[in-house]
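As the structure lists them, so they are numbered: ligands from 1, and atoms in each ligand from 1.
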Amino acid sequence: MISKKMEKAFNDQIALEGTASFIYLAMASWCDREGLEGCAQFMHRQSAEENMHMLKLYTYLSEVDGFAVTPAIKQPPHSYKSVQDMFKAVYAHEQKVTASINKLTALATKEGDQTAFNFLQWYVMEQREEENLIRSILDKIKLIGEGPHSLYYLDKEIKAINEAELSKEE
Ligand code: FEO
């Protein structure tokens, strides 16, 4: 059993994760158009991961007799000034997700919903890892730069990071 307040907060989180999945999917499309194969692969994996985050919340709601609402998702932007600009947008969105998860765990405590609190700890850990990953990419972009020659190496670096992330999932 879940309270109506918690159910609404979970549905807001579902919308945020779904929005992240769409934002990253549109980023993959932009990267692909720019010939950034590694970045496109990274964004496709990231989009699939966010979709999984959304579905986990769906399943949870049905397990606790709640009702999961499929969100209306606004069309995300389809172009960026630079790779750095795109990853800055990813970082900003991840910070927004982290803040929302923190609010959700605080609400779970306030409502005395231990089941939700326990379930949400997985998201707390996931957000720490995701923010760290994106920060490390932003650091690499600063080091490598984004000139016409460095962009090729930057894309290769991001491809390697993506492959390392994929191997963690196996
Ligand atoms: Fe599921 Fe990266 O927020």
Atom of Glu37, atom of Asp155 and distance for their closest heavy-atom approach: N-OD2, 3.1 Å
Gln13 and Ser100, any side-chain heavy atoms less than 4.5 Å apart: yes
Other residues, nucleotides, ligands: >12 heavy atoms within 6.0 Å of Tyr58 OH: yes
In the protein, N/O/S atoms that are found under 2.8 Å from atom 2 (Fe) of ligand 1, waters not counted: Glu50 OE2, Glu94 OE1, Glu94 OE2, Glu130 OE1
Whether Phe10 and Tyr60 hold their rings parallel, tilted or perpendicular, with breakpoints at 30° and 60°: parallel
Non-hydrogen side-chain atoms of Lys96 and Tyr91 separated by less than 4.5 Å: no
Note: Asp12-Lys8 ion pair, threshold 4.0 Å (strictly below): yes
